[in-house]
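The structure under discussion appears below in the form of structure tokens.
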Amino acid sequence: MRAVVVEQWGGPEKLVEREVERPEPGLNEVLVRVHAAGVNPVDWKTRASGGLIEWGALPAVGWDVSGTVEAVGPGVGILRPGDEVFGMPLFPRQAGGYAEYVVAPARHLAPKPASLTHVEAAALPLAALTAWQALVDAADVRPGERVLVHAAAGGVGHLAVQIAKARGAYVIGTASTAKHELLRELGADEVLDYRETRFEEAVSGIDVVLDALGGETAERSLKVLRAGGRLITLPGPDDVPVAPDGVRAAWVLVEPDHLGLREIAALVESGALRPVVDTVLPLSEAAKAHELGERGRTTGKIVLSVV
């Protein structure tokens, strides 16, 4: 089968397409024929240096997949050959989603939302689960709360806006002015241009901040939180600032979540959540996908079409 692998850590040019042996599903695993694979910042960060991922002998990148179950291993009772599924298998261990086939534990997947194409569904798992686990599991966003989403037009951000809104929150997002109209369409109640306005001077009394940027943004975010507020930061544990008394700051690392995927699919089918796909490229242009992503100007997600 065709797969994109990393033969040496470094720039996008280190991504190469190779013919590799097709995997076989083991106990509680399924073999998925991949139709589309999502591209995420963790992909190019680990391609550059290896990161904290547990790699195999020939590193193969990618986690977001949408496709069709080709075969099931012993013990699988929730999926059958022919089922259309989406998910984020094995993270943070190597999954090899940039490939024609991937093996995944059955419960790292869920039925693909019927209203979405495989390309749209592949844009969801890692980013949507990150937003869900941060806002719902970690922050427990409740109706009427004020939620500030940084980088609100990005891969995680644009989904977080919709998830927070579906939870009944009042949502404020930061993004460049060109992306404000989209964010309002997605449900944002207020949008700030981070290049023109210091958010800590424009908002206050925030219950939850979702920070995808880290660094000084995380530090400044503490200033807008009310007593009892929660700051959830995503880049890494070193980006969690020391919070004052009465405020909680935490790092969330996304993990495979069958039930979370089902909740996300239900939001999609209800019309409360939709992925925005910025660019679709063939698998052979994975390096170009990484180049585009690393520029930091993407609205929504980049997706690789595998079939």
Side-chain angles (χ1 to χ4, degrees), residues 120 123-214 217-218 220-235 243 247-252 254 260 263-278 298-301:
E120 292 168 327
L124 280 173
L126 192 147
L129 282 176
T130 297
W132 180 269
Q133 291 170 9
L135 293 174
V136 179
D137 296 339
D140 189 23
V141 171
R142 300 184 180 186
E145 289 195 314
R146 291 166 59 82
V147 175
L148 173 63
V149 179
H150 290 305
V156 172
H158 84 285
L159 298 169
V161 166
Q162 298 173 77
I163 290 171
K165 197 65 184 176
R167 300 281 292 182
Y170 183 92
V171 182
I172 305 165
T174 66
S176 61
T177 299
K179 300 175 181 180
H180 287 193
E181 182 177 353
L182 170 65
L183 288 174
R184 291 192 179 96
E185 291 175 1
L186 296 178
D189 298 286
E190 292 183 41
V191 191
L192 305 174
D193 190 328
Y194 62 91
R195 295 177 298 187
E196 299 178 358
T197 304
R198 290 185 67 83
F199 65 85
E200 67 270 33
E201 297 174 357
V203 299
S204 61
I206 299 297
D207 296 282
V208 176
V209 175
L210 181 60
D211 166 38
L213 302 172
T217 300
R220 291 162 55 200
S221 293
L222 293 175
K223 300 176 182 179
V224 307
L225 288 168
R226 65 162 180 81
R230 292 87 79 197
L231 166 64
I232 309 298
T233 190
L234 303 177
V247 170
R248 182 166 64 90
W251 171 54
V252 167
V254 68
E263 295 281 4
I264 288 162
L267 286 180
V268 170
E269 299 297 28
S270 73
L273 182 67
R274 67 177 177 93
V276 173
V277 177
D278 183 285
T298 303
T299 300
K301 292 293 296 293

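Starting from 1, each residue takes its place in the sequence as its number.
- Asp207 places no side-chain N or O within donor-acceptor distance of the main-chain N or O of Gly229, the cut-off being under 3.5 Å.
- Atom CZ of Arg248 is separated from atom CZ of Arg230 by 7.0 Å, given to the nearest 0.5 angstrom.
- Across all non-hydrogen atoms, the minimal contact from Val277 to Ala123 is CG2-CB, 4.1 Å.
- Val208 is not listed as a side-chain neighbour of Val149, based on a closest heavy-atom distance of 4.5 Å or more.
- With rounding to the nearest 0.5 angstrom, the CG atom of Leu192 is 7.0 Å from the NE2 atom of His180.
- Smallest separation of non-hydrogen atoms from Ile163 and Ala128: CD1-O, 3.9 Å.
- To the nearest 0.5 Å, the span separating OG1 on Thr174 from CZ on Arg198 amounts to 12.5 Å.
- Contact annotation: the side chain of Lys301 never approaches that of Pro275 to less than 4.5 Å [non-hydrogen atoms, C-beta and beyond].
- With a 4.5 Å cut-off on side-chain heavy atoms, Arg184 and Val191 count as touching.
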Begin from the C-alpha positions of Ile172 and Ile206 and carry the test side-chain contact (heavy atoms from CB on, under 4.5 Å) through to its verdict.
CA-CA 9 Å; Ile172 305 165; Ile206 299 297; 3.8 Å; yes

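- Counting heavy atoms from C-beta on, the side chains of Leu210 and Leu148 never come closer than 4.5 Å.
- Listed here is the closest heavy atom pair of Val224 and Val209: CG2-CG2, 3.9 Å.
- The OG1 atom of Thr217 lies 9.0 Å from the CD atom of Glu200; values are rounded to the nearest 0.5 Å.
- Atom CZ of Arg142 and atom CG of Leu135 lie 14.0 Å apart (nearest 0.5 Å).
- For Ala151 against Leu213, the heavy-atom pair with the smallest separation is CB-CD2, 4.1 Å.
- Between Lys179 and Ala153, the closest heavy-atom pair is CD-CB, 3.4 Å.
- Considering only heavy atoms from C-beta on, Leu231 comes within 4.5 Å of Leu222 through its side chain.
- Listed by first then second residue, pairs satisfying ring-ring contact (aromatic ring centres under 6.0 Å, His included) with a partner in residues 139-162 read His150-Phe199, not counting sequence neighbours.
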Salt bridge (charged side-chain N to carboxylate O under 4.0 Å, His left out) evaluation trace for Arg226 with Glu145
CA-CA 11 Å; Arg226 65 162 180 81; Glu145 289 195 314; 3.8 Å; yes

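- Between Val252 and Leu234, the shortest heavy-atom distance links the atoms O-CD2, 3.9 Å.
- Glu185 CD: more than 12 foreign heavy atoms inside a 6.0 Å radius.
- Side-chain contact between Tyr170 and Val147: absent, with no pair of heavy atoms (C-beta onward) separated by less than 4.5 Å.
- A 4.5 Å side-chain heavy-atom check between Lys165 and Asp189 finds at least one atom pair inside the cut-off.
- Here the CD-CZ distance, from Glu190 to Arg146, works out to 6.0 Å after rounding to the nearest 0.5 Å.
- Inter-residue side-chain proximity for Asp140 and Val136 is flagged as unmet; no heavy-atom pair is nearer than 4.5 Å.
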Considering only distance and modelled atom types, tabulate donor-acceptor pairs under 3.5 Å from the side chains of residues 264-274, sequence neighbours left out.
residue, atom, partner, partner atom, Å
Glu269, OE1, Ser115, OG, 2.7
Glu269, OE2, Ala114, N, 2.7
Ser270, OG, Ala266, O, 3.4
Ser270, OG, Leu267, O, 2.9
Ser270, OG, Ala272, N, 3.4

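- For the residue pair Asp193/Thr177, the side-chain donor-acceptor check at 3.5 Å is satisfied.
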